[in-house]
Structure formats: structure tokens, C-alpha cells
Amino acid sequence: MYTFATRFLQLILFLMNGRMKTVNKEKLPQNDPFIVVCTHKSWIDVVCLGIALYPTPIHFMAKKELFNKIFIKKLLKKLNAFPVDRSNPGPSVLKIPLQLLKKKQVVGIFPSGTRSSEEKALKNGAIHIASRASVPIIPAVYVGPHTIRDLLGRKKRSIIFGDAIHVPKMTKDKETVTEATNEVISKVFEELKSNI
């Protein structure tokens with residue numbers, strides 16, 4: 001289902017908007033698990049990240065409210081999404097992504113485009129998961145349309161990947177490690193955007 005949906009949406013977006021540009025894909029780890037943290041404002045950037053990483057599947061962290069309806073819940077699960085309580089994250093938030101990474105899968109987290117407190121919580125979550133799983137964080141920036149109107153307006157789409165960020169094991173001062181890594185991720189996002 002994931003492969004079919006990715007290829008189908010890739011075709012639809014191509015017909016609407018032309019080919020998407022993917023920059024620095026060679027920076028991605030080969031045959032190893034990682035967490036990709038991408039800027040996020042609409043469903044289009046989520047789809048475009050999936051297309052950019054294809055054929056590698058992404059397991060998306062999505063807010064639990066999206067899973068309230070049975071049909072949507074089943075669809076999202078088939079598309080590799082898993083629910084998380086983003087407004088009140090607890091220890092259970094780590095369980096699913098850690099299991100996926102242990103199976104050498106890729107986990108996608110989208111912190112931007114939300115309330116600042118929620119954005120910080122999601123970034124911190126990515127950092128803690130990366131530390132626990134001993135996997136790198138790959139920052140990614142989406143540039144392009146966020147609405148159907150803009151897609152039809154032929155505004156070009158790009159996904160730009162940054163260098164891998166390796167998070168040390170949090171043995172003592174977890175807060176310092178988290179804040180320092182959070183700052184690095186934010187700086188990388190800004191640098192990637194400025195180089196477009």
C-alpha cells in the first residue's frame with residue numbers, strides 16, 4: 001500500500017506541478033536506520049518527503065487526533081503512520097519509534113508549523129529517540145507550494161537534506177545535550193533555507 005500510494009502521489013504531483021528537485025540525497029545513511037526531521041506546514045511536505053526518500057519507506061509520527069475515525073486510522077496505518085499524543089508526550093512516545101529503528105526502519109518527525117511549545121517537544125523527542133537508539137538525525141527542509149492552488153501555479157518543489165547529526169548518549173546532563181542538539185537542528189534548518 002505504501003509503495004503504491006507513494007508512486008501514485010508522485011505521478012499526480014508531477015502532472016500538477018512538474019518534477020520535484022531532491023538535493024543532497026547522497027547524505028542519507030545507506031542500509032542503516034535514521035530519524036528524518038523535516039519542516040512541516042501542510043500535507044504536501046509530508047508527501048514530498050516520502051517521494052524524496054523513495055524507495056526507502058518512512059514511518060511517520062502523526063498526531064493521535066488523526067486516528068479517531070476508523071477508516072482514516074486504517075489508511076494511516078497502511079501508509080506507515082503511527083499515533084502520538086503531541087500535546088502530552090510521555091515515555092510511551094519512545095516505544096514505537098525505538099522498535100522501528102531497531103528493525104532498521106526510518107522514522108519521520110515533523111516539528112515545524114506547530115505551536116512553539118509543541119515544536120520544541122517534538123524536536124526534543126527526536127533527540128531523545130536518536131540518543132537511545134544510537135542513530136543519526138537527518139535534517140530536511142521542504143521548499144515549495146503548500147496549497148493546491150500553489151501547486152497548480154507551478155511553484156517548484158524541493159526537498160533538501162542536511163548532514164547527519166549524531167546525538168551522544170545522555171548519561172548525565174540530558175537537558176544540556178538536548179538543548180545543544182536542538183540548537184544545531186534549528187541552525188541547520190536555517191542554513192538549508194538560506195542556500196536555496
Side-chain angles (χ1 to χ4, degrees), residues 1-84 86 96-97 100-101 103-114 122 126 135-164 188-189 192-196:
M1 177 68 175
Y2 179 91
T3 298
F4 171 78
T6 302
R7 298 306 297 270
F8 177 73
L9 289 169
Q10 182 179 27
L11 175 61
I12 295 299
L13 290 178
F14 173 76
L15 293 174
M16 292 175 67
N17 186 259
R19 189 176 300 278
M20 182 180 74
K21 185 178 181 181
T22 302
V23 182
N24 297 332
K25 192 170 181 178
E26 70 278 1
K27 292 180 181 288
L28 301 178
Q30 299 298 312
N31 304 315
D32 288 318
F34 60 90
I35 297 169
V36 58
V37 177
C38 186
T39 53
H40 176 49
K41 288 185 179 179
S42 71
W43 62 270
I44 296 173
D45 42 47
V46 178
V47 171
C48 287
L49 180 65
I51 293 170
L53 278 173
Y54 186 82
T56 301
I58 309 174
H59 295 264
F60 298 101
M61 183 181 285
K63 60 183 180 180
K64 68 174 186 177
E65 291 81 4
L66 295 175
F67 292 76
N68 288 340
K69 295 184 179 179
I70 293 177
F71 173 75
I72 300 297
K73 178 180 180 179
K74 288 181 178 179
L75 178 62
L76 287 173
K77 286 189 173 182
K78 286 183 179 180
L79 295 176
N80 290 353
F82 60 93
V84 63
R86 303 199 307 189
I96 295 175
L100 289 167
L101 292 165
K103 295 176 183 176
K104 297 189 178 297
Q105 301 296 314
V106 173
V107 172
I109 298 177
F110 300 87
S112 299
T114 60
L122 285 168
V135 300
I137 293 174
I138 303 294
V141 168
Y142 168 77
V143 180
H146 291 286
T147 65
I148 297 294
R149 176 182 289 183
D150 287 342
L151 278 171
L152 293 172
R154 312 296 286 184
K155 184 178 180 182
K156 294 304 179 183
R157 297 169 291 130
S158 299
I159 289 282
I160 308 161
F161 295 107
D163 293 318
V188 171
F189 278 163
L192 292 176
K193 289 177 185 177
S194 67
N195 290 327
I196 297 167

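Small disclaimer: the values here were computed from a predicted structure and weren't measured.
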Original post:
Do you know the tightest heavy-atom contact between Y2 and P57?
Top reply: CE2-CA, 3.5 Å

Subject >> Residues, nucleotides or ligands: over 12 heavy atoms within 6.0 Å of I70 CD1 >> reply: no

Original post:
Any side-chain heavy-atom pair from P33 and K104 closer than 4.5 angstrom?
Top reply: yes

Original post:
Do you know which two heavy atoms are closest between P139 and V188, and how far apart they sit?
Top reply: CG-CG1, 3.4 Å

Subject >> Shortest non-hydrogen contact from A126 toward I137 >> reply: O-CD1, 3.9 Å

**OP:** Would you give the length of the straight line joining atom NZ of K156 to atom CG of D150, rounded to the nearest 0.5 angstrom?
**Re:** 13.0 Å

Original post:
Run the side chain to side chain contact (heavy atoms under 4.5 Å, CB included) check on F14 and R19 step by step: do they pass?
Top reply: CA-CA 5 Å; F14 173 76; R19 189 176 300 278; 4.2 Å; yes

Original post:
Rounded to the nearest 0.5 Å, what separation is found between the CD1 atom of I44 and the CD1 atom of I148?
Top reply: 5.5 Å

Subject >> Exam field: side chain H40 to backbone S42, donor-acceptor pair closer than 3.5 Å >> reply: yes

Subject >> K78: side-chain contact (heavy atoms from CB on, under 4.5 Å) partners, not counting sequence neighbours >> reply: M1

Subject >> H59: which of N80, L101, I96, V106 passes side-chain contact (heavy atoms from CB on, under 4.5 Å) >> reply: N80

Original post:
Got a second to check how far T56's OG1 is from N31's CG, nearest 0.5 Å?
Top reply: 8.5 Å

**OP:** Could you tell me whether a side-chain N or O of N17 sits under 3.5 Å from a main-chain N or O of L13, the two making a donor and an acceptor?
**Re:** no

Subject >> Derivation of the side chain to side chain contact (heavy atoms under 4.5 Å, CB included) call for F34 and L28 >> reply: CA-CA 9 Å; F34 60 90; L28 301 178; 4.2 Å; yes

Subject >> Validation row: K74, K77 side chains within 4.5 angstrom (heavy atoms) >> reply: no

Subject >> Ring geometry between F4 and F8 (parallel below 30°, tilted from 30 to 60°, perpendicular above 60°) >> reply: parallel

Original post:
Is there a donor-acceptor contact under 3.5 Å from the side chain of R157 to the main chain of G18?
Top reply: yes

Subject >> Where P29 and I138 come nearest, the two heavy atoms and their spacing >> reply: CD-CD1, 3.8 Å

Original post:
Could you state the interatomic distance from CD1 (I58) to CD1 (I51), rounded to the nearest 0.5 Å?
Top reply: 10.0 Å

Original post:
If you measure from CG on L9 to OH on Y54, what distance do you get to the nearest 0.5 Å?
Top reply: 12.5 Å

Subject >> Non-hydrogen side-chain atoms of P83 and L76 separated by less than 4.5 Å >> reply: no

**OP:** State, yes or no, whether a side-chain contact exists between Y142 and L49 at a heavy-atom distance under 4.5 Å.
**Re:** no

Subject >> Residue pair F161 / A140: nearest heavy atoms and the distance that separates them >> reply: CD2-CB, 3.8 Å

Original post:
Which atom pair, heavy atoms only, marks the closest approach of A62 to A81?
Top reply: CB-CB, 4.4 Å

Original post:
Looking at NE2 of H146 and NZ of K155, how far apart are the two atoms once the value is rounded to the nearest 0.5 Å?
Top reply: 6.5 Å

**OP:** Go through the structure and list residues passing side-chain contact (heavy atoms from CB on, under 4.5 Å) with K27, not counting sequence neighbours.
**Re:** N24, D163

